[in-house]
Amino acid sequence: MDKTEYQELKKQLLTKKKHGYDLLSQEEQTAMEDYCAGYKVFLDASKTERLCAAEAIRLAEAKGYRLYRPGMELKSGDRVYSCNRGKAVMLARIGKKPLDQGIQLAAAHIDSPRLDLKPNPLYEDSELAYFKTHYYGGIRKYQWVTIPLALHGVVALKDGSRVTVRIGEEEGEPRLVITDLLPHLGAAQNKKPLAEAVPGETLNLLLGSRPIGGEEESGRVKLAVMRLLHEKYGIVEDDLTSAELEAVPAVKACDIGLDRSLIGAYGHDDRVCAYAALKALLDLEEAPEKTAVCILADKEEIGSDGVTGMQSAAFDTFVEDLCAGQGVTLRSCFAKSFCLSADVTAAYDPNFPDVFEKRNESQLNYGVGLCKYTGARGKSGASDADAETVAYVRRLFDEAGVIWQISELGKVDAGGGGTVAMFMANRNINTLDAGVPVLSMHAPFETVAKLDCYETYKAMKAVFQAKD
Ligand code: MN
Ligand code: MN
């Protein structure tokens, strides 16, 4: 076999993974930068699921989306959305084909790991006031100490009204912090395993140190803090019982790297896919063939349970109502539907090669990562998409010029994780995981590559614009 023949055969038969920047045109690189600038603005407005839902609705309404009401007359090309309790959003662009031909779905989640306040959070110890927290989602606790934190959320009052809390986000505002031991006294802590070095009960937010009242009084700093909260929000300590207050990193999204090829921010998981799905839907010019639906779900990080999670009947109700308008049953619609479970995946990190299996891992700048299965301990907790579904997506992406790669969540026995994929597949919807590879996933500050963000947007568009 001569050299040319060999090279030809190699090209014909073997996979060659191509770097995204060798495939992306100059024109597309400009579009990518524009897209990522919009994404950073979206992130800064979306520090919690409630804020993210509100921002998504604001963007949707600006593009002509209207609040959906069951029984509403809808025709091809119409744009509607529904909001579930302020924390999850479902949007639909009505397609040319009837709903018994199925819908094209993209499901992402908009909740991110963080520190929630406990129902009885406020206390004073040694003339310092604190809020007690209970972490939400899988965090590495040691990462959340000694970083500036902001507090967001709502306090629901007995009269049915709601107070919005926002502290530490604006320039010049005070921040909150969780302290850590100094190295000089850290000898014993240093010897503990990482997971135990910072116990959950020490994740207490420092709120203040200035007392009020006479020196004979007790709890003076706590009272001073409560007085500040009362002045600003009109609430009393009891009201904190019915509140959802979340401490999140007080950082803004920014470019990372001298070449600005990356974005660092809190909450890429999974707002990076949520934004891609949302933007792709909003950018559809023509009515799609099949009805295109984007779901931005809550509670993924704690198992997708609850009324606003992907297991909630709220999603079925929304689609069922749309189906009822066309005299179609939900089950016949689901049976022909396709869902891209749009969630982030672990990017190969050369600093930690031991936990990755390089041949099947997604790498930064190689595009959106397709994940046939997630799960742990032998694919447990994964929907494990069938070969036909993967082939369908390969074709869809290749035809649309989407840069994509294969992805797995680390070495077989290294750990694992899940997404909303199984909850969609359990509904008899063909489902495949795909999303942006992330470095330091679930950390207060995660990193993604701009190219992968943009390709994920293109991937979502390909799903919504699919002809079959
Ligand atoms: Mn996720
Ligand atoms: Mn996650």
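Read the numbers this way: they start at 1 and go in the same order the structure lists the ligands and their atoms.
- Tyr39 and His268 have their aromatic ring centers within a separation under 6.0 angstrom.
- Between Tyr392 and Phe338, the gap from one ring centroid to the other is short of 6.0 Å.
- The Mn ion (ligand 2) has Asp269 OD2, Glu301 OE1, Glu301 OE2, His442 NE2 as protein N, O or S atoms under 2.8 Å away.
- Note that Lys279 lies outside the cation-pi zone of Tyr35, set by a 6.0 Å cut-off to the ring centre and a 45° limit from the axis.
- In this structure, Cys36 and Lys450 have side chains that are in contact, with non-hydrogen atoms separated by less than 4.5 Å.
- A ring-centre distance under 6.0 Å is found for Tyr68 and Phe318.
- Using a 30° and 60° split on the angle between ring planes, Tyr130 and Tyr123 fall in the parallel class, below 30°.
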